[in-house]
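In listed order, ligands and their atoms are each counted from 1.
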Amino acid sequence: MADQNLMEKIISLCKRRGFVFPGSEIYGGLSASYDYGPLGVELKNNIKKAWWKAMVQKRNDVVGLDSTILTPKIVWEASGHLQSFHDPLVECKVCHHRFRADHLLEAKQAEPGYIKEKPIELNEIPCPDCGGALSEPKNFNLLMKTELGAVDGQKEDAYLRGETCQGIYLDYLSVKDAMRQKLPFGIAQVGKAFRNEITTKNFIFRMREFEQMEMQFFVDPKDAEKHFNYWKEQRWNWYLSLGMTEKNLRFRQHATDERAHYAKDAWDIEYNTPWGGWKEMAGVHNRGDWDLSRHGKYSGIDTTYTDLEGEKYVPYIVETSDGADRATLMFLIDAFAEVETRSGDENAKHEKELVLRLHKDLAPIKVAILPLSKKEPLQKIAKEIQSSIWNELMTQYDETGSIGKRYRRQDEIGTPFCVTVDFDSLEDKKVTVRERDSMKQERVAMADLRKYLLEKF
Ligand code: ATP
């Protein structure tokens, strides 16, 4: 069931608490561009760190890379994107708003009462904004072009990469040789990608500048299916390991006519979104030998691999492709909870409280330090506690407002633990540690606090 209301609450929380702001807002904004605020950048960095740890640091068969965003035109000729990286665009003849034809059809098919046996044609769909007639679909290339050089007339065309994986293919031979890798092995990269998207609704779900977390696994073609199944499972389990609710996830295989030009097989991990049901969050693709064959052909460099038995082949590529922004959005949606008032603050005039039940590895702030009073000596003790753990754990110091309000503020941003220093602390040398979800409070000796908290993470 679509719940636009829930999205509005999440977007409002993101703005109010410094997770995500509209880009260039003081000038009226730039469509589909968003900035990550102080808490958003922590959350997204934690997601990227968790991905890197799982995909690179805790494996012997995957290495990392950071390749350029700017790339010459030939890369995208070779990759096939200049010819085939299109979305079908329709324009309203009355209000001139533009839409993706496939999205309009998808939305119709998701409507209650839609009969599969009577498929709707695109020309039967009116403009969703004004009801006017729509044009025939035209192919619209998604790549973004720019120019390099200072002198007009001598400028060179370049492209902002439309997917991070292309940089991996360009460096495949250098990485393989430098790292003395034998197949199968993978190269991973996290970075920005750019697409001139036609429709850009739904917050950070679809932007023109976004971040991908991609891993390309180079394999013997005979083994591609085995690796493909393995990586599908790995990516699914990664989302679960960070607390995502399994019933909100599903796999969906792309139909043959839906696959990208390079794909032999493609599955999406979809998330059941509040605004429109199942939407792609990540993909696992069998790209066959398309990429290395094409770059071999266009560069003139041999990309054939000779294995230990002397067999020669162009490696197949199994790709895992996750969006850092879509993952951020889905983790936020999944963690968002409205609960009955629970902080016991009698002065609070509110019906519901918000709790972000983020996994502790993802939470932007790990520990909040809350002295009961702004005055010495509580303030001094609280600051000492903070500096004893901030090397390892992201902390936030907050001394304003009632303690109930401060707990609520931390619950809203997903902080797993709050440490309160009160007047008893002066006597018993203990502090109160409060856990976000259970609200369980425990008195912990200050001398043991660092160890206690580090063990929780
Ligand atoms: P869609 O069908 O939604 O346009 P796609 O199939 O084109 O997505 P891929 O090319 O497979 O997406 O890209 C891999 C991942 O990159 C996606 O699963 C998604 O997480 C992310 N991604 C793609 N396009 C965008 C975008 N415009 N904004 C944010 N993330 C994106």
Criterion side-chain contact (heavy atoms from CB on, under 4.5 Å) on Asn46 and Asp361, from CA distance to verdict: CA-CA 7 Å; Asn46 289 340; Asp361 290 356; over 6 Å; no
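Nearest protein heavy-atom neighbour of atom 7 (O) of ligand 1: Arg195 NH1, 3.0 Å. Here the heavy atom of the protein found nearest to atom 29 (C) of ligand 1 is Phe205 O, 3.2 Å. The protein atom (non-hydrogen) at minimum distance from atom 4 (O) of ligand 1 is Arg206 NH1, 2.8 Å.
When each atom of ligand 1 is checked for a heavy atom of Glu197 under 4.0 Å away, the hits are 24 (N), 26 (C), 27 (N). Numbered from 1 in the order shown, with element, the atoms of ligand 1 that lie under 4.0 Å from a heavy atom of Gly323 read 20 (O), 21 (C). In the vicinity of Ser321, heavy-atom distances shorter than 4.0 Å reach the ligand 1 atoms 13 (O), 14 (C), 15 (C). Ligand-side atoms of ligand 1 in range of Gln212: 13 (O), 14 (C), 15 (C), 16 (O), range being under 4.0 angstrom from any heavy atom. Those atoms of ligand 1 that come under 4.0 Å of a heavy atom in Arg100, given as number and element, are 4 (O). Those atoms of ligand 1 with a heavy atom of Ala282 less than 4.0 angstrom away are 18 (O). Set against the non-hydrogen atoms of Met281, the atoms of ligand 1 under 4.0 Å away are 18 (O), 19 (C), 20 (O).
Under the side-chain contact (heavy atoms from CB on, under 4.5 Å) rule, His295 has a single partner from Tyr169, Trp290, Tyr172, which is Tyr169. The one candidate from Arg326, Lys192, Lys44 that meets the side-chain hydrogen bond (donor to acceptor under 3.5 Å, both in side chains) condition with Glu211 is Lys44.
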Please tabulate, for side-chain N and O atoms in residues 223-234, each donor-acceptor pair with protein atoms closer than 3.5 Å (sequence neighbours left out).
| unit_1 | atom_1 | unit_2 | atom_2 | d |
| --- | --- | --- | --- | --- |
| Asn229 | ND2 | Glu225 | O | 3.4 |
| Tyr230 | OH | Arg59 | NH1 | 2.9 |
| Tyr230 | OH | Arg59 | NH2 | 3.1 |

N/O donor-acceptor pairs under 3.5 Å from side chains in residues 138-147, not counting sequence neighbours:
| unit_1 | atom_1 | unit_2 | atom_2 | d |
| --- | --- | --- | --- | --- |
| Asn141 | OD1 | Leu143 | N | 2.9 |
| Asn141 | ND2 | His81 | O | 3.1 |
| Asn141 | ND2 | Leu82 | O | 3.2 |

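In the model, Thr273 has no side-chain atom that pairs as donor or acceptor with a side-chain atom of Trp278 under 3.5 Å. A donor-acceptor pair shorter than 3.5 Å cannot be found between the side chains of Tyr305 and Asp220. For the residue pair Gln166 and Trp76, no side-chain donor N or O sits within less than 3.5 Å of a side-chain acceptor on the partner.
Look at Arg208 and you'll find every heavy atom at least 4.0 Å from all atoms of ligand 1.
Here's the thing with Asp325: none of its N/O atoms is less than 3.5 angstrom from an N/O atom of ligand 1. Here's the thing with Met207: one of its N/O atoms is less than 3.5 angstrom from an N/O atom of ligand 1.
Distances from atom 11 (O) of ligand 1 to the heavy atoms of Glu163, Glu280, Glu270 put Glu280 nearest. Here atom 22 (N) of ligand 1 lies nearest to Phe210 when heavy atoms of Tyr271, Phe210, Tyr34 are compared.
Taking the six-membered ring for Trp and the full ring otherwise, the centers of Trp275 and Phe205 sit less than 6.0 Å from each other. Between Tyr34 and Phe203, a ring centre-to-centre spacing shorter than 6.0 Å is recorded.
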